Amino acid sequence: MDEGFLKEQQVMESDLNSETSHKSSVDFLMDWFRRRSIFVLAYGTGCGAIEMPPTFTSRYDAERLGIRGAATPRQADVIIVSGYCSYKTLRRIIRTYEQMANPKYILALGSCTVNGGMYWDSYNTIKRLEDYLPVDMYVNGCMPRPESILEGFMALQKEIGDGKISSWQKYEDNYAFYRKNQEAVLGQTVAPAYDADWYLYDGGL
Amino acid sequence: MKWSIDISGTLSPLGILAAMMQKPNTIAYPAVKKETAVGYRGFHTNLLVDCIGCANCQDVCMNDAIDMIKTDKEYNVKNSSQCIPRIDYGRCCWCSLCTDVCPPDSLKLDEEYLGVTQYASDFLYMPKDK
Amino acid sequence: MIILDLALMLITAYFVGFIYYGLYRNITARFQRRIGPTIFQSFYDSIKFFGKKEAISHGWMFYLGPIIMATGAIMTLFFIPFFYQSESFSGLSGYGNLFLVLYLMLLGPLGNAMGVGVGGNPFGVMGVTRGLTRLFALELPFYIAVVAIMSISQSADIATIAGSQTTINAFAHPLLFIAALFSFVAMMGQSPFDVVGAPVEVYSGPASEFSGKFLSLLMSQSAIFSFAKLVLMVNLFLGGADGFFELLWKTFVLFLFVIAFGAIYGRFKTPQSVDFLIKVPTVIAIVGLIFATAWGN
Amino acid sequence: MFATIKNRFATTDIEVKREDLYKVVVQRDAIFELIFMLREQYDYQTLNAITCCDWIEEEHFAITYILTTSDRKQSFMVQTMIGREDAQIDSLTHTFEQAEIMERDLHEMYGIDFPGNQNLVELSLENWVHTPPLRREFDTLEFVNNNLSFREGRDGNMDVKKEMKRLRALKKAQKAAAKKAKEEASEVSDGN
């Protein structure tokens, strides 16, 4: 038995990785720009939001790495789920996530998003965020220090640069699964059904 | 809308221009590393020579984060259950109660704390033997 | 070869504008004692947004907003000559004068107002309302100053105005320059007149509903438009330019002044900024106009 | 003040919890009269909080109104008991407007009804249909196990006490076997 984190690679991701081998030069360039520029939605969903101000202001200055805040979900690339997530917050996170433009990513901070954390027996918080939304990167800690958050962002940037992340695609493909889980905790009134092709039949282009 | 001319209020912000000449406050993280504060509660370590497998840590953990599992490594001869703790970092809140109740003081918190992964199932942690 | 000339003007304005915006972010970061992003950061952002997919649509009128805005910015740029003597980089300035430029500068914001209004985002509508209110206030002192400059130079042609300055207008007519500078800071959307796109108050205002390619277009037009306005100010008040080097340092000094101004001062509320612009710079401009016509030349 | 209250409401004692905090327990039908009296005659102008405590063994809720004087120097806890089944007590909104949101809270968390409160809608939970969560018969862990799932992969957990016992027994058996083997060996050597 090894020490440290017990890695259990998931088989379901392996087919995504194989696609990167034949990506075009435009995709390569686009991934590079996406990696260099990350807009983070300014929405503190839990206690970990307190670690975000030092990350983005002059002490750790995430703007060095091209990471800056975005005021509206329309312009954001990343939503940070910072810690525990009550049902009430989850409803807002889902609606916000669905308003963001593809490609979009989720960064989950802290223990609570993984397996409930210290709210593991609470009647009003969800235990596993990945049941409801596709999470791209988990950061360890309770709460993670700004260095950890930056480390998470850098890992995310690396994955974006390699073109390996397509969690929004996963969300669209497995929407029935996510919707079922969302309705299980939030009831039928979760949100209008999310559809990736909204803009095609809503009088759009 | 009422307003009046405020000379000092207009001039005093000009002092900010001096900040241009000063050194930035920023810790440029990946290049410059900040030293971990003394007593910072990072990852767990467990000295197997001392661990007696008493499960006090498991009993005291309010988050139900600790599993006692059979080890295949060399353990303390006094380890009467032949079990050592494994910690679920999807539950742990680094309250440090487990290290406080550890009778032989083998379970400790290290200074390392950086852990980033794509998969939530990676968050089971086997304390390092040191 | 006017097509080539126009293309070169556009490319120059695009890249210089984006580098200026990168410098703006970097220098503002230095004021805040941070390290700040690279100077190409705004360019990266713009390209990244170009690669994003739209999440929702509000109909074609919504998309016309940024397009009209970009059209206004590019047309403004084409009618402003970069240099006062050179044949190249003069664009369409032979076919239109300062009046047309002043008109075209209004086109973008008005077109964008229609597009944002269709979107129905309350913050967008609020931002547009604030923006138009501010626009009407900042035009007053600017137009008075520009009219005075035109009457001094006896011409409405920008290249003639730029070339005819023996002492540059900023020193010859400082009151007019100061008045126009207040308007210019507001035009560039800098503090204390930046209430239009305040991120924490109205969630970036008119742009709050735009994403993807249209936000990229808005960013590009903003870069181009800023450069066009800088060149216009240099032509009107700083004696124009005779070559790229002169143009770049003059626009950069002006830009540096504007961003320093923006980094220092806090934000006015909309009525406060209107009140300030109508009272202080307008009075300065009128006094300057009287001085210029009575004792000028 | 104490004498007046004791006479009028026939309570046995008024507890002085601290220098600035008194507590009295009265009958349910007298509580509003007491609150009015405290407010009108003794300057307890502010309603700080309405709290509830679930005494499931005695089968009642203890509702406490905490009142504070206008100079913020004295507080008075007025407590009464109401039955857990079909719990209800009149609303205090006609006297203290701020009672509305506190009563909403108690209504949501304990399921207590407040006739007279016009706005008894949900406060912080959304679409809650189960037992009110702060009632003590509500088992949060059971609720979580029924409605949510934890992450799998935590297998291999041993019950350490049992494991110790098993190992000890094993060791004993081994020792006994060894002893036996030794005895047998010595017997064999003796025999020789």
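Just so you know, these numbers use all the heavy atoms, side chains as well, and skip hydrogens, waters and symmetry mates. Just so it is clear: chains get the letters A, B, ... in the order the sequence lines come, proteins before strands, and each one is counted from 1. Just so it is clear, the model here is predicted, and its values are computed rather than measured.
A donor atom on one side chain and an acceptor atom on the other are not found under 3.5 Å apart for D:Glu15 and D:Tyr22. With 3.5 Å as the limit, one finds no donor-acceptor pair spanning the side chains of D:Thr93 and D:Asn117. For the residue pair D:Thr68 and D:Asn48, a side-chain donor N or O sits within less than 3.5 Å of a side-chain acceptor on the partner.
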Applying salt bridge (charged side-chain N to carboxylate O under 4.0 Å, His left out), run through D:Arg84 and D:Glu137 and close with a yes or a no.
CA-CA 11 Å; D:Arg84 289 184 92 256; D:Glu137 75 254 27; 2.5 Å; yes
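Proximity to chain B is absent for every atom of D:Lys162, based on heavy atoms less than 4.5 angstrom apart. The part of B:Gln58 that comes within reach of chain D is its side chain, from C-beta onward, which places non-hydrogen atoms under 4.5 angstrom from that chain. With a 4.5 angstrom heavy-atom cutoff, D:Arg168 does not touch chain B via any of its atoms. Residue contact with chain D, scored on non-hydrogen atoms closer than 4.5 Å, involves the backbone and the side chain of B:Asp64 alike.
Salt-bridge annotation for D:Asp71 and D:Lys73: absent, with no side-chain N of the basic residue lying under 4.0 Å from a carboxylate O of the acidic one.
Ranking B:Ala65, B:Cys83, B:Gly53 against chain D, the residue ahead of the rest is B:Ala65, based on heavy-atom pairs under 4.5 Å. Chain B forms the most heavy-atom pairs under 4.5 Å with one residue out of D:Met164, D:Met158, D:Glu163, D:Arg154, and that residue is D:Arg154.
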